[in-house]
Amino acid sequence: MKKAVLIPDSFKGTMSSEKIISIMKERILAYHPQCEIVSIPVADGGEGSVDAFLTALGGEKIHVRTKGPWGEEIESFYGMLPDGTAVIEMAASAGLPQVGDRKDPSKTTTYGVGELILAAAKAGAKRLVIGLGGSATNDAGCGAAAACGVSFLDKDGNRFVPVGETLDKIERIDITTMDESVKALPITAMCDIDNPFYGPTGAAAIFGPQKGADEAMVALLDGKMKHLAQVIGKELSIELQEIPGSGAAGGMGGGMKAFFGARMQMGIDAVLDITGFEKLASGADMIFTGEGKIDTQSLRGKVVIGVARKARKMNIPVIAVVGDIGDDIDAAYDEGVSGIFSTNRVAIPYKEARTRAESDMKLTMDNILRFMKRMAI
């Protein structure tokens with residue numbers, strides 16, 4: 001094997017993408033010392049996405065003072081890649097870790113995320129990629145839009161910054177007041193879910209409880225999201241409820257679409273585009289990918305399938321090394337996966353398996369490479 005590409009997702013709760021890559025690389029070089037290794041850490045849009053892109057492509061982490069989810073001043077950041085792409089993870093200014101025990105999606109704001117967008121635009125970013133993950137908010141991105149100059153007006157014509165509990169106070173929206181540098185910025189929103197804006201599978205119902213919403217608050221927030229969707233339909237002629245993923249990150253998916261004109265894209269597709277995957281993988285003998293568990297949900301286009309679809313067009317075999325294998329995943333082979341191997345070598349529950357994840361990954365890679373060496377692959 002002369003060239004291998006390593007592009008695994010993290011195994012949530014056990015190993016980061018970078019850690020998995022380091023184990024894969026060490027084992028490959030043990031069998032093929034001259035092999036060229038191309039490492040592409042995967043960013044899923046949540047915490048660590050900026051670092052993953054910077055590790056893969058280089059660039060600079062730029063620190064910025066912004067408002068946090070409770071409106072307090074915090075130290076935040078974004079990444080600027082060598083080609084002028086700015087990468088933002090909304091969790092850097094509106095994330096669950098920042099609220100600690102003060103979880104209340106009716107009052108938290110994405111205003112700081114907008115400050116990051118504005119800072120990147122003012123710094124000369126040519127395009128922006130924002131990861132929608134790990135949020136502590138349910139303001140549909142109104143805070144972020146307000147920070148970038150969008151005007152939200154109540155029934156008396158007063159301008160204000162909406163939060164989850166005041167979305168129903170919005171009567172008019174004026175996006176013409178948005179900062180010109182932000183208006184000119186092409187934006188891609190990384191989103192791996194397809195939840196609608198409101199309703200039983202919407203932003204508040206599905207993600208509100210993990211952000212601190214009880215049953216009564218979920219119902220309250222959901223009604224206010226429905227009101228906002230109606231106003232956006234009237235004011236901006238966008239039917240958010242019909243857009244898959246509009247409910248992502250407390251409705252931030254819908255807000256990015258409505259206020260910023262963002263393009264929604266699966267996380268792995270954004271990674272493949274931004275890293276220039278086809279160029280990096282050109283001439284590779286093998287691609288190693290993986291995720292914590294491959295199942296029917298993975299077939300929607302998560303990391304393994306996203307990679308395999310690209311690799312199939314390039315006629316490069318793909319090996320998926322995963323923590324666990326679900327039922328009914330044969331379609332993965334049709335998408336371009338050559339083989340799927342589980343690291344759960346002794347068939348134990350996740351609680352036990354996670355404590356030995358690194359050693360099991362090493363041993364699984366060793367078995368695969370031993371076989372490949374024997375078969376002169």
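When a residue number appears, it is its place in the shown sequence, counting from 1. All values below come from the heavy atoms of this structure, side chains included, with hydrogens, waters and symmetry mates left out.
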> Going through the checks in order, is the side chain to side chain contact (heavy atoms under 4.5 Å, CB included) test met by F160 and D154?
Replying inline: CA-CA 8 Å; F160 72 109; D154 64 17; 4.1 Å; yes
> Can you name the side chain to side chain donor-acceptor pair (under 3.5 Å) partners of T66, sequence neighbours left out?
Replying inline: S93
>> Please identify which of these residues, K224, H227, K226, Q230, meets the side-chain hydrogen bond (donor to acceptor under 3.5 Å, both in side chains) condition with D168.
In response: K224
> Any donor and acceptor pair, going by atom type alone, linking the side chain of W70 with main-chain N or O of Q98 inside 3.5 Å?
Replying inline: no
> Are any non-hydrogen side-chain atoms of K183 and F260 less than 4.5 angstrom apart?
Replying inline: no
>> Using a 6.0 Å distance limit plus a 45 degree cone around the ring axis, check whether K373 lies over the aromatic ring of Y31.
In response: no
> Closest heavy-atom contact between T296 and I329?
Replying inline: N-CG2, 4.1 Å
> At their closest point, which heavy atom of V337 faces which heavy atom of A320, and how far apart are they?
Replying inline: CG1-CB, 4.3 Å
>> I'd like to know whether E75 forms a salt bridge (charged side-chain N to carboxylate O under 4.0 Å, His left out) with R65, so could you lay out the CA-CA distance, the side-chain angles of the two residues, the decisive distance to 0.1 Å, and finally the verdict.
In response: CA-CA 5 Å; E75 183 77 16; R65 296 289 294 178; 3.7 Å; yes
> Below 4.0 angstrom, N of the basic side chain to O of the carboxylate: do R370 and D366 qualify?
Replying inline: yes
>> Under a 4.0 Å threshold between the charged nitrogen and the carboxylate oxygen, would E278 count as salt-bridged to K310?
In response: yes
> Going by an N to O cut-off under 4.0 Å, is there a salt bridge joining D285 and K2?
Replying inline: no
> Is K107 paired with E165 through a side-chain N to carboxylate O contact shorter than 4.0 Å?
Replying inline: yes
> In terms of side-chain geometry, is the basic nitrogen of E335 or R309 positioned less than 4.0 Å from the acidic oxygen of its partner?
Replying inline: yes
>> Check for me whether the distance between the ring centres of F152 and F259 falls short of 6.0 Å.
In response: yes
>> Closer than 3.5 angstrom, by distance alone: can the side chain of T109 be matched with the main-chain N or O of V163 as a donor-acceptor pair?
In response: no
